[in-house]
Amino acid sequence: MTTSTIAPRPGLRSGYLALTLLCSVQMMLNLDDTVVNVALPTIQRSLHMSESDLTWIVNAYLLLFGGFLIFGGRCADLFGGKRVFLVGVTVFAVASLTTGLAQNGLMVVASRAGQGIGGALASPAALSIVAGLFTDPRARSRALGIWAGLGGLAATLGVVLSGVITQYASWRWCFFINVPVALIALVAIPRLVETGTRSEAVRPRIDGLGAALITAAVAAFDYGLIDSGRASFAATAFRLGAGLALLLAFLVRERRHASPLIPLSFFRDRDRAVANAANVLFCSAILSMLFFLTLHLQQVMHYSPARTGAAWLPFCALVIAGFATSAALTPRLGVRWVLTTAMVACGLGMLALSRLSPTGGYLELLPGMLAAGFGMGLAFVSITIAAVGETHEDITGLASGLVTTTQQLGGAFGLGVLSTVAISRSTALLESGISTESALTQGFRLAFEISSAILAVAAILAALGITAKAGTAPAPAR
């Protein structure tokens, strides 16, 4: 029996044409994490949705995307990255079209869930293709650096595009723009990437119960964190407890199963474990910063959607500078100090933002935004290289799914827990009689202070926990 491997078609320049297109698709997927944020009030008015229903436009995508990532990654390992990628992109494109055409709240939420499932199949499969196209360790690190940097940039560009599209076109175009990108990928990737074969003694199979357990576990964790701001303590504890119980059941299942969904040796790689732990901490801080600063610009500084988007352009420029720097330095210096520097830069940015005032102007925000943007560019690249760059081809999809899952869990923690803290502080101050702008600002400041402490822990973890040097050859799973 044979299973697929990935190779560029002869005549391509080391697969960089395929890399360019795959990065474009990943940017499209990452844009959908944030492109909807500024448009939410407009969608609410257009479809007559309640506040509680509105949150599910975001949550439906996050829950399904986060829950299915590990499953999607393992499918890419077992059935071929190109095949799973094409299926995922097709599902994502159809769901994007129906989201843009939605006539009511139920249709838009269901379509967003479809986007999440399609993205969870396509994203780890695409990254596994990238890893398979570049077998030389330094070339692979460089390719992964480009991938991660552009993916991180897309998360912030989503805020920019959302404001411009919402104000000058229609919120529906936030989703319609995905369709042509997906169609180009569906036509071009089969021509740019060929599927080789390697011999296998056993037909690849998916452990159905194991897949269901890990998907349900991640979804329970995600839901518990995302909804913690509205749910009671008991409800949140129940959801997180259910996630933990499902995770333990999954580990027991994997230990006893002849063909585990995740080889147990996967969990023994120290650098991969540290990189993913740092990823949770990093994303909890940086993704919540995007949310809180967008609110500050609109609710405290009273910026329009388009002006809010434009305010993020300097931040995006520093993200680009950060990922270019990290892509150049990480293959030479190794992950440890680049990742540590990234966490320190982001932490200093958060510390600067924790001093913002309700009457301050845009220039007051800029130093913190720039430091955080540069650190974000450094971090996304170095984390991806540590988590995926030295992974053997038989588990690259799984490693890719896990690194994106930890990003989602970190984002859910940041938005769920930190927003609860910020709202509680603001509500208490409002009740004391101070202005709305001052109360909101104080809540945001507290969230930024906590974020800076989280990033300090991440910096220590990276400095003490990462061991690998650049250019190490990947080891196979056992």
Side-chain angles (χ1 to χ4, degrees), residues 14 16 19-20 22-24 26-27 30 127 130-131 134 136-157 159-160 271 274-276 278-279 281-283 285-287 289-290 312-353 366-390 403 407 410 451-452 455-456 458-463 465-472:
S14 304
Y16 278 102
L19 174 64
T20 300
L22 290 166
C23 284
S24 299
Q26 183 63 23
M27 290 184 72
N30 284 5
L127 187 49
V130 172
F134 300 89
D136 175 74
R138 289 186 179 274
R140 178 184 279 194
S141 292
R142 192 158 42 247
L144 291 175
I146 295 170
W147 167 277
L150 290 175
L153 177 63
T156 55
L157 281 177
V159 180
V160 178
D271 289 340
V274 171
N276 280 292
N279 203 19
L281 298 174
F282 165 69
C283 288
I286 203 72
L287 296 182
M289 182 207 76
L290 299 177
W312 285 100
L313 289 174
F315 178 87
C316 293
L318 266 293
V319 172
I320 294 172
F323 93 67
T325 302
S326 188
L329 293 182
T330 303
R332 299 177 186 176
L333 304 179
V335 169
R336 180 193 296 170
W337 297 117
V338 176
L339 182 53
T340 303
T341 301
M343 297 301 151
V344 170
C346 287
L348 291 175
M350 297 297 170
L351 208 55
L353 290 171
L366 200 55
M369 292 176 72
L370 295 180
F374 186 72
M376 180 177 172
L378 290 176
F380 271 123
V381 173
S382 50
I383 286 172
T384 303
I385 291 174
V388 181
E390 296 174 5
V403 74
Q407 288 174 2
S451 293
S452 67
L455 289 163
I460 294 170
L461 182 64
I466 296 289
T467 62
K469 302 295 183 182
T472 305

| task | Take Met343 and Leu378 through the side chain to side chain contact (heavy atoms under 4.5 Å, CB included) test and state the conclusion after the steps. | result | CA-CA 9 Å; Met343 297 301 151; Leu378 290 176; over 6 Å; no
| field | Name of the residue among Thr341, Leu348, Val319, Thr325 meeting side-chain contact (heavy atoms from CB on, under 4.5 Å) with Phe374 | value | Thr325
| note | Taking every heavy atom of Ala275 against every heavy atom of Ala387, the minimum-distance pair comes out as CB-N, 4.1 Å
| message | Checking Ala463 now: which residues fulfil side chain to side chain contact (heavy atoms under 4.5 Å, CB included) with it, not counting sequence neighbours? | response | Trp337, Thr340
| said: Return the CD to CG distance between Gln407 and Leu287, rounded to the nearest 0.5 Å. | reply: 7.5 Å
| request: Check Cys283 against Phe380 and note the closest heavy-atom contact, atom names and distance. | output: SG-CE2, 4.5 Å
| field | Beyond-backbone contact of Phe282 with Leu455, side-chain heavy atoms, under 4.5 angstrom | value | yes
| message | What's the separation between atom CG in Leu127 and atom SG in Cys23, rounded to the nearest 0.5 Å? | response | 9.5 Å
| query | So do Asn276 and Val403 actually touch side chain to side chain, heavy atoms under 4.5 Å? | reply | yes
| task | Using the test side chain to side chain contact (heavy atoms under 4.5 Å, CB included), find all partners of Phe323 that sit at least two apart in sequence or belong to another chain. | result | Leu150, Ile320, Val381
| note | On a heavy-atom basis, the closest approach of Gly375 and Ala342 is O-CB, 3.5 Å
| query | Of the non-hydrogen atoms in Leu353 and Gly368, which two are nearest, and what is the gap between them? | reply | CG-CA, 4.0 Å
| request: Check for a donor-acceptor pair, side chain of Asp271 on one end and backbone N or O of Ala386 on the other, with a separation under 3.5 Å. | output: no
| Residues in side chain to side chain contact (heavy atoms under 4.5 Å, CB included) contact with Val274, at least two apart in sequence or another chain | Arg270, Leu461, Ile466
| Atom CE in Met369, atom CH2 in Trp312: separation rounded to 0.5 Å? | 4.5 Å
| remark: So CG of Leu333 and CG of Leu339: to nearest 0.5 Å the spacing works out to 13.0 Å
| note | Smallest heavy-atom separation, Ser326 atom then Val338 atom, equals OG-CG1, 3.4 Å
| field | Ser382 to Thr330 - nearest heavy-atom pair and separation | value | CB-OG1, 4.3 Å
